[in-house]
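Throughout, a chain's letter reflects where its sequence line sits, starting with A, and its residues are numbered from 1. What's counted below: heavy atoms across the whole structure, side chains too, no hydrogens, waters or symmetry copies. All figures in this text were calculated on a predicted structure; none of them were measured in a lab.
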Number of protein chains: 2
Amino acid sequence: MLPELKIQQLRYVIAVVDEGGFNAAAKRVFRSQPALSMAVRELEQRLGQNIFERGGKGQLTPFGKFCLPRFRELLGQHGRLVKDLVNQADGKQGHVHIATVPSVATRIMPPLLAEFIDQFPNLTISLHDENAHYVCQMVAHGEVDLGITSLWQGEDELDYTHLFEDKVGVVCHRSHPLANRSSIDWRSLQGEKLIRNGTSRLLMGTEASALVENSAFYISNMISLIAMLEAGAGITTLPQLAFPENNQNLSFIPLQEPDVVRRIGLVKASNCTLSPAAQIMDAFLLKSLRGGEK
Amino acid sequence: MLPELKIQQLRYVIAVVDEGGFNAAAKRVFRSQPALSMAVRELEQRLGQNIFERGGKGQLTPFGKFCLPRFRELLGQHGRLVKDLVNQADGKQGHVHIATVPSVATRIMPPLLAEFIDQFPNLTISLHDENAHYVCQMVAHGEVDLGITSLWQGEDELDYTHLFEDKVGVVCHRSHPLANRSSIDWRSLQGEKLIRNGTSRLLMGTEASALVENSAFYISNMISLIAMLEAGAGITTLPQLAFPENNQNLSFIPLQEPDVVRRIGLVKASNCTLSPAAQIMDAFLLKSLRGGEK
DNA sequence: ATGGATTGATAAGGTTTCCTTATAGGGTGT
DNA sequence: ACACCCTATAAGGAAACCTTATCAATCCAT
């Protein structure tokens, strides 16, 4: 019922006005002159009023004068929109939401993101740190584009790409009898006062699971956990990355038996396309973290 | 180089989102489902990013979510523009500029325009009154759409449609010896003190031209002219329409010999299309004034 | 699980739209 | 009047667009 203005018709009209005639305009838009004549005429018929005076060299009718600024405006809006979309599509602009477990967020991401924003200065980033379970949830629910974490369990709607492994070890006060061992066996820990934390589930299903099951303490907050250890109130297990490497009072001793690792990978929602900016981040993270088992 | 968003493609995308799938959307836009699939795919290829998840029922990708509100916005702007243009083209909205000589402006236009704005309440009007020469100029220069006036001279770029004739007569004080005559001959005026005015040129080229040529006074302002006549300072000639009909002190006596008339007509710029609103006014004025020799 | 129904993708063919070349018509200026 | 420049028109062809028919995947219910 209502006519449709085609972008190209508007462009033709503008060209005729700007160039002062159909012939000149035709050259500018790389079309033949009759193409413009017919396109414009078709537009005029649709609107029910002539835009150009018949026989004049691109002279506008009053109605044409009314139309022109509005055509220009719509063309401008169209052009800006196209530019925006293309920028977004090409990853020249955009925003990436990332979620990681805290250890990755503090130990791995800072230099990496610094390099990223250097390479892609027009992309902006949000970094959330949450525990592994919640990171997976955020990815699954679309709250973030990418997660770097270990899998919570075989989450079906997630797409996991392995990046590196993070060896689990025992953390204790440097004055603890075990502190100077270069490696350790789970059996040596029997009788120790083990404080569980969010990563303790990694030991479940291994020979050492009994240790965890018999532990009475659970502390989720890393700061509190460190404080407890520094106070000599017990020992815990942590992936190496989660161990605060500059801490003077605590020691990290790799677990030899069982050899437990936390598998850290890049997680995306499966069956779900990443935003263009996230695609770029995805590629960047894979390139940066795949080989370099930091 | 830059892709072009076609209005229809955007409509398809919106329909798919709103209806939650390609099939339902196809029904809504009265197209086959493959038509939408292909159109959307073509748009996606142009932008270089998918808008819909492959295999999902109209699920948007992150990029699609970015696009959607912008598509809606452009579509809205397009729709509003079309509505505006069509309203303007159909004369459902618009503005008409009219110029007339003062006599027409005061005696003819008021009831006419009242009727017009009653019939076309969404059209607005500007009414200028100027002397016949300037009215013609304004029309010729496009400052107004229509003029109602006598022609100044055979103006070439003007298109004249005759409306009615306005008989010229002598105006004098009611106490003047000529005042009670029912008609008058130019010879009776010899020796009278004739005050010329803007309309006196109508007598040029007639037998009475000598009268005008020998007149020493010229007053352009109608109010001043009337005051002079009321003071009995002389007589003048005026078209009947310019004679203030309710004036108690002055008399109007038609000139019999020569029988001079002022031809009043509707004037437009030739080779120039009227604005839609002006076209309506044009038709209205012709219908109202053509037969009725008011 | 298996069969039917539904949804989107793909292929082939037809229609419409759009564009091009060639040509006619209408002004303008010499 | 003639040449020139501009736009309008006509006819044929290319491209875009849409349709029907069919296929692959998914979902639902039995």
Side-chain angles (χ1 to χ4, degrees), chain A residues 1-47 49-61 64 156-157 159 269-273, chain B residues 1-47 49-61 63-64 156-159 269-273:
Chain A
M1 182 214 75
L2 277 176
E4 169 175 322
L5 303 176
K6 303 204 187 102
I7 295 298
Q8 201 163 34
Q9 291 176 321
L10 305 190
R11 264 203 260 274
Y12 288 168
V13 171
I14 299 293
V16 171
V17 173
D18 287 353
E19 301 293 325
F22 284 73
N23 275 290
K27 287 196 190 76
R28 171 165 130 185
V29 299
F30 305 107
R31 290 283 124 87
S32 65
Q33 166 262 313
L36 297 211
S37 283
M38 294 191 308
V40 168
R41 145 162 318 236
E42 201 261 357
L43 175 60
E44 290 175 334
Q45 284 177 350
R46 248 190 248 239
L47 291 174
Q49 287 285 332
N50 286 345
I51 291 169
F52 294 102
E53 293 293 355
R54 292 279 151 266
K57 308 178 188 179
Q59 294 298 320
L60 287 168
T61 61
D156 210 28
E157 63 270 338
D159 189 44
S270 58
N271 308 323
C272 205
T273 310
Chain B
M1 182 215 74
L2 278 176
E4 169 175 322
L5 305 176
K6 302 200 189 108
I7 295 299
Q8 201 164 33
Q9 291 176 320
L10 306 191
R11 264 203 260 274
Y12 288 169
V13 171
I14 299 293
V16 172
V17 173
D18 286 352
E19 300 294 325
F22 283 73
N23 277 288
K27 287 196 191 77
R28 171 163 131 186
V29 300
F30 305 107
R31 288 285 125 85
S32 64
Q33 166 262 313
L36 296 212
S37 282
M38 294 193 309
V40 168
R41 147 163 315 236
E42 201 262 355
L43 175 60
E44 289 176 335
Q45 283 177 352
R46 244 190 251 242
L47 291 173
Q49 286 286 334
N50 286 345
I51 292 169
F52 292 102
E53 293 293 356
R54 292 280 151 265
K57 307 182 188 177
Q59 292 298 319
L60 288 167
T61 61
F63 179 66
D156 211 26
E157 64 270 342
L158 292 183
D159 189 43
S270 57
N271 308 322
C272 207
T273 309

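Taking atom CZ of residue A:Arg46 and atom C1' of nucleotide C:dT17, one finds them 10 Å apart after rounding to whole Å. With rounding to whole Å, B:Lys57 atom NZ is found 6 Å from D:dC28 atom P. Taking atom CD of B:Glu53 as the reference point, atom P of C:dA9 lies 12 Å away to the nearest angstrom. Remark: P of C:dT7 and CZ of B:Phe52 are 15 Å apart, rounded to the nearest angstrom. At whole-Å resolution of the value, CD in B:Gln59 and C1' in C:dT7 are 13 Å apart. Summarising the geometry, the separation between CD1 on B:Ile51 and P on C:dG8 is reported as 15 Å, rounded to the nearest angstrom. Atom-to-atom, CD of A:Gln45 to C1' of C:dT17 comes out at 14 Å; the value is rounded to the nearest Å.
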So which protein nitrogen or oxygen atoms get under 3.5 Å of nucleotides 13-16 of chain C's nitrogens or oxygens?
none

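Remark: A:Arg54 is in phosphate contact with D:dA8, judged by side-chain N or O atoms under 4.0 Å from OP1 or OP2.
Distance CG/A:Asn50 to CG/A:Leu60: 11.5 Å, rounded to 0.5 Å. Separating the CG atom in B:Leu43 from the CE atom in B:Met38 is a distance of 14.0 Å, to the nearest 0.5 Å. In this structure, CD1 in B:Ile51 is found 7.0 Å from OG1 in B:Thr61, a value given to the nearest 0.5 Å. We find the CD1-CD1 distance between A:Ile7 and B:Ile7 to be 5.0 Å, quoted to the nearest 0.5 Å. Between the OG1 atom in A:Thr273 and the CD atom in B:Gln59 there is a gap of 11.0 Å [rounded to 0.5 Å].
Heavy-atom distances under 4.0 Å link DNA chain D to A:Gly21, A:Phe22, A:Asn23 of residues 3-23 of chain A, given in residue order. DNA chain C is contacted by A:Phe30, A:Arg31, A:Ser32, A:Pro34, A:Ala35, A:Met38 of residues 24-41 of chain A, taking any non-hydrogen atom closer than 4.0 Å.
Helix bend of the helix from C:dA1-D:dT30 to C:dT30-D:dA1: the angle between its two end axes, each built from five pairs, comes to 30° after rounding to 10°.
A salt bridge (Lys or Arg N to Asp or Glu O under 4.0 Å) check over residues 49-61 of chain B, counting only residues at least two apart or in different chains, returns the pairs B:Glu44-B:Arg54.
Every salt bridge (charged side-chain N to carboxylate O under 4.0 Å, His left out) that B:Arg11 has, sequence neighbours left out, goes to A:Glu4.
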